[in-house]
Asker: 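I have a structure here, written as structure tokens, and I will follow up with some questions on it.
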There are 2 protein chains.
Amino acid sequence: MDDRKKTILKAIVDDYVRTCEPVGSKSLVERYNLNYSSATIRNEMAELEEMGFLVKPHTSAGRMPSDKGYRAYVDNLLSLPEIPPEEEIAVRHFLTENLREAREMIERTAEYLAEKTNYLSVVLSPQYSDTSLEQIKIMMIEPGRAIVVLVLSPGVVHDRLIRIPSLIDEKDLNEIGQAIERCLAGKRLNDITLVTISSAAEETELPEALVNQVLYEAYVAIKQTERIEVYIDGKYRLLKHPEFRDVDRASRFYDTMRQEQMVAGYMRELEQEEEINAAEGLDTLEKIESAPGALATRKDRPAYMVRIGQEIALNGMEDMSFITTTYRIGRRISGQIGVIGPKRMEYGNIISQISFVNKALSDVAEDHYTLGGDRQTLED
Amino acid sequence: MDDRKKTILKAIVDDYVRTCEPVGSKSLVERYNLNYSSATIRNEMAELEEMGFLVKPHTSAGRMPSDKGYRAYVDNLLSLPEIPPEEEIAVRHFLTENLREAREMIERTAEYLAEKTNYLSVVLSPQYSDTSLEQIKIMMIEPGRAIVVLVLSPGVVHDRLIRIPSLIDEKDLNEIGQAIERCLAGKRLNDITLVTISSAAEETELPEALVNQVLYEAYVAIKQTERIEVYIDGKYRLLKHPEFRDVDRASRFYDTMRQEQMVAGYMRELEQEEEINAAEGLDTLEKIESAPGALATRKDRPAYMVRIGQEIALNGMEDMSFITTTYRIGRRISGQIGVIGPKRMEYGNIISQISFVNKALSDVAEDHYTLGGDRQTLED
DNA sequence: AATTAGCACTCGAAGTGCTCGAGTGCCAGA
DNA sequence: TCTGGCACTCGAGCACTTCGAGTGCTAATT
């Protein structure tokens, strides 16, 4: 594909993204003052169509990008706008203002991204399986009920109510809690199983039946912290885009989005591919006139991955695009960030935004986790 | 208004609700085999229109109910279907299966209601201001951070991470926690203020500055438990109803629904009116042939309130109806349940459902709270 | 006095046929 | 290799028609 074809393809995608209407040769020449006549463009467009990058809704209409067209655009033609540096201060403030719990930071990331992109955002809570358990405390609430508080090594706190045998009193419970802590503290969550936890039973002299129930409940509580939470924001925003005029299609999409765990699973699956794809991307990148700086800035950005239309293995997403990226906090903790919008999406802008937010979240979270409780300044 | 008019009005509303199309005299006679000719019905319809119960979209079209028409229907003409008794077992099971925390019960109530009605459901968490604080524990997580666990008198547990001065060690913290508990245990949340809580400072000999910060954080944590949480489910379901074909209107509606706290505030405001309205309702109720048993069963049901179209004081809700009811757990605790759907709503069915769910939630929650941890059977 | 049959009238939905304009492909000539 | 020109295509938009389900009114019937 020669440079002129690229320029034309880029112009067509840009125009179609803007107007949501098939673009014709003449108006293309006018709007992007290309130095050729419309007839030339027509010939090029016919070739691009033959190559599979463009489609026509009917014989005498203009062209619109095919999935393959979008793919080429995203892989090679994109220009990524810079985010102004003052925005960095703003987003950090937004993510940490009055922050109490780690989950709020994730929630706010989703909110910020939906707001900035005007599409739907999905953020997954970090996967903690690779981190270790620091503390575990079990506290009596009333006979038969207790609360388990877990502290993970990056300073993350989880808790959960449990049922315990009514016969256990506060002293016994403390003892069991300490036994568990001695036995598990420092272990990776991944390595904690029903077997490892039951060795705590040997440290106490309480009747085994009583202890076992508590151990089991504690185990469930620990495993619970490995569950991935899904934060979705901006669902309703998609309604404002013209491709959602078709209510049936919209309904099908929302039916899928409701199954949050499925969406989350899909995002995690993509993580590996993402790495590979990003590396390839850097090799085959080509700088073209209309996208100055694309290559230069891209190297600084976190890797991202774009899935277009049919490439998305989820129902009802045939007309959508899904951009994902992985945030990292330290070496061990990572989670996913995504934006879902119509295929006709401002790819450059969204990719800039998602990369930017990724970086902000990773940085802020790292500060927060490593500095722990001493960062009083973050509080207001 | 005579009986014939009532029958006709009811038939029109029923038909319109079913088809979403203006109903004409002839088809009305056919479908509801009324014993009059279409001409007679026409005359009656003209009068009903004059009285303000019906409107015509244009001269030669059929009639559809006005807000006032719906109002009359809801106040006097409704027949409330019975919910089969086996459903009661099902809902109780659904609400309590694998239940760990009170909030899950509320969440599931919203889910159940959205599923059964196919509209949007809103459930507010109970208002605890009138209940008392039972226990408060503060637990050290690391220097500078702690977790506050609060137990309220109905056995509800809340917790919250707080920052504390890094100088405080575990022993000091426990001491402060116990001082607070001595000072506040048994007090109504409503009665706890910064002043009452600061009397706890006198019970310890730690430096006042350190203690005060912890007290303040504990205070915030306590006040936090009074915050009303809003659970909304079935948002996207509304899209499937024909009145949501108009995407702009849908967007306006969703813009309002996003402001959950506002919606919640509105629902609480209605609570008082509801009581009065329900009492009146029972007085003026009239039994008509086509609604046998309406009066009889209605007395057993929890009070409910219906707001139709313009009566709803929220933006973008002009074409919706809002049905609300108040659930009660014991005497002191109450919260709201609501369903929002198009004005053209199956009022009878929805009212039956919401009343049914109300009763189920109230009963189940009461069992749960009063029996506390001993109800192991609820666990699986 | 209440009901009904009959009739003229209304109006939107749906179909038809027309023009217009923004597209196209192709070919001959610069 | 590019471009000007031309014939062709097709949907959007508009005017026009038909059709049917509705209306209101009046006079006849019960």
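Each chain gets a letter, A, B and so on, in the order its sequence line appears, and its residues count up from 1.
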Asker: Look at B/K56 and D/dG24 and indicate whether a side-chain polar atom (N or O) is within less than 4.0 Å of OP1 or OP2.
Answerer: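 Yes, within the criterion.
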Asker: Check this for me: does any side-chain nitrogen of one of A/D3 and A/K10 sit under 4.0 Å from a carboxylate oxygen of the other?
Answerer: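 A salt bridge is absent here (no side-chain N lies under 4.0 Å from a carboxylate O).
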Asker: Could you check how far CG of A/L48 sits from P of C/dT24, rounded to whole Å?
Answerer: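 It is 12 Å, rounded to the nearest whole Å.
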Asker: From C/dG6, C/dT4, D/dC6, pick the nucleotide closest to the side chain of B/R42?
Answerer: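 Between C/dG6, C/dT4, D/dC6, the one nearest the side chain of B/R42 would be C/dG6.
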Asker: Which nucleotide in the list C/dG23, D/dC2, C/dG12 gets nearest to the side chain of A/K26?
Answerer: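 Output: C/dG23.
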Asker: Can you work out whether B/N35 or B/S60 has the more 5'-proximal nearest nucleotide on DNA chain C?
Answerer: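 Between the two, 5'-proximity favours B/N35.
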Asker: Take the protein atom CE of A/M64 and the nucleotide atom P of C/dG23, then report the distance between them rounded to whole Å.
Answerer: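 Value for this atom pair: 15 Å.
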Asker: If you only use heavy atoms from C-beta on, which nucleotide in C/dT3, C/dT24, D/dG5 is closest to the side chain of B/Y36?
Answerer: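 The answer is C/dT3.
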Asker: Tell me: CD of A/E21 to P of C/dG21, nearest whole Å?
Answerer: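 Atom CD in A/E21 sits about 17 Å away from atom P in C/dG21.
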Asker: Compare side-chain N and O positions of B/T40 against OP1 and OP2 of C/dT3 and report whether any pair is under 4.0 Å apart.
Answerer: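 No, B/T40 has no side-chain N/O under 4.0 Å of OP1/OP2 on C/dT3.
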Asker: Looking only at side-chain atoms of A/S37, point me to the closest of D/dG4, C/dT3, C/dT4.
Answerer: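 When the side chain of A/S37 is considered, D/dG4 is the closest of D/dG4, C/dT3, C/dT4.
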Asker: Taking atom C1' of D/dT23 as reference, at what distance in whole Å does atom CD1 of B/I12 sit?
Answerer: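 For the pair B/I12 CD1 and D/dT23 C1', the rounded distance is 13 Å.
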Asker: Counting the atoms with a prime plus P, OP1 and OP2 as sugar-phosphate, which does A/A61 contact under 4.0 Å by heavy atoms, base, sugar-phosphate, or nothing?
Answerer: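 A/A61: backbone/sugar contact only, no base atoms under 4.0 Å.
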Asker: In whole angstrom, give the distance that lies between atom CD1 of B/I41 and atom P of D/dC25.
Answerer: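 The distance from CD1 of B/I41 to P of D/dC25 comes to 17 Å, rounded to the nearest Å.
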Asker: What does A/T59 touch in the nucleic acid at a heavy-atom separation under 4.0 angstrom: a base, only the sugar-phosphate, or nothing?
Answerer: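 The answer is sugar-phosphate, as A/T59 gets under 4.0 Å only of primed atoms, P, OP1 or OP2.
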Asker: Looking at A/Y119, does the NZ or CZ of A/R237 lie under 6.0 angstrom from its six-membered ring centre and within 45 degrees of the ring axis?
Answerer: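 No cation-pi geometry.
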Asker: How long is the line joining CE of A/M45 and C1' of D/dT3, in whole Å?
Answerer: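 The distance from CE of A/M45 to C1' of D/dT3 comes to 17 Å, rounded to the nearest Å.
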Asker: Tell me whether the count of non-hydrogen atoms from other residues, nucleotides or ligands lying under 6.0 Å of CG in A/D2 goes above 12.
Answerer: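 Yes.
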Asker: Using whole Å, report how far CG of B/N43 lies from P of D/dG22.
Answerer: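 From B/N43 CG to D/dG22 P: 16 Å.
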Asker: What is the separation between atom NE2 on B/H58 and atom P on D/dT23, rounded to the nearest whole Å?
Answerer: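 Between P of D/dT23 and NE2 of B/H58: 10 Å.
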Asker: Is it true that B/F53 and B/Y70 have ring centroids separated by less than 6.0 Å?
Answerer: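 When the ring centroids of B/F53 and B/Y70 are compared, they turn out to be at least 6.0 Å apart.
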Asker: So, under a plain 3.5 Å distance rule, would you say the side chain of B/R63 forms a donor-acceptor pair with the base of D/dG24?
Answerer: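 Side chain to base: no pair below 3.5 Å.
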Asker: If you look at every strand shown and take non-hydrogen atoms under 4.0 Å, does B/S27 touch a base, only sugar-phosphate, or nothing?
Answerer: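 Contact class for B/S27: sugar-phosphate only.
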Asker: Hey, would you say the B/Y236 and A/Y236 ring centroids sit under 6.0 Å apart?
Answerer: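 No.
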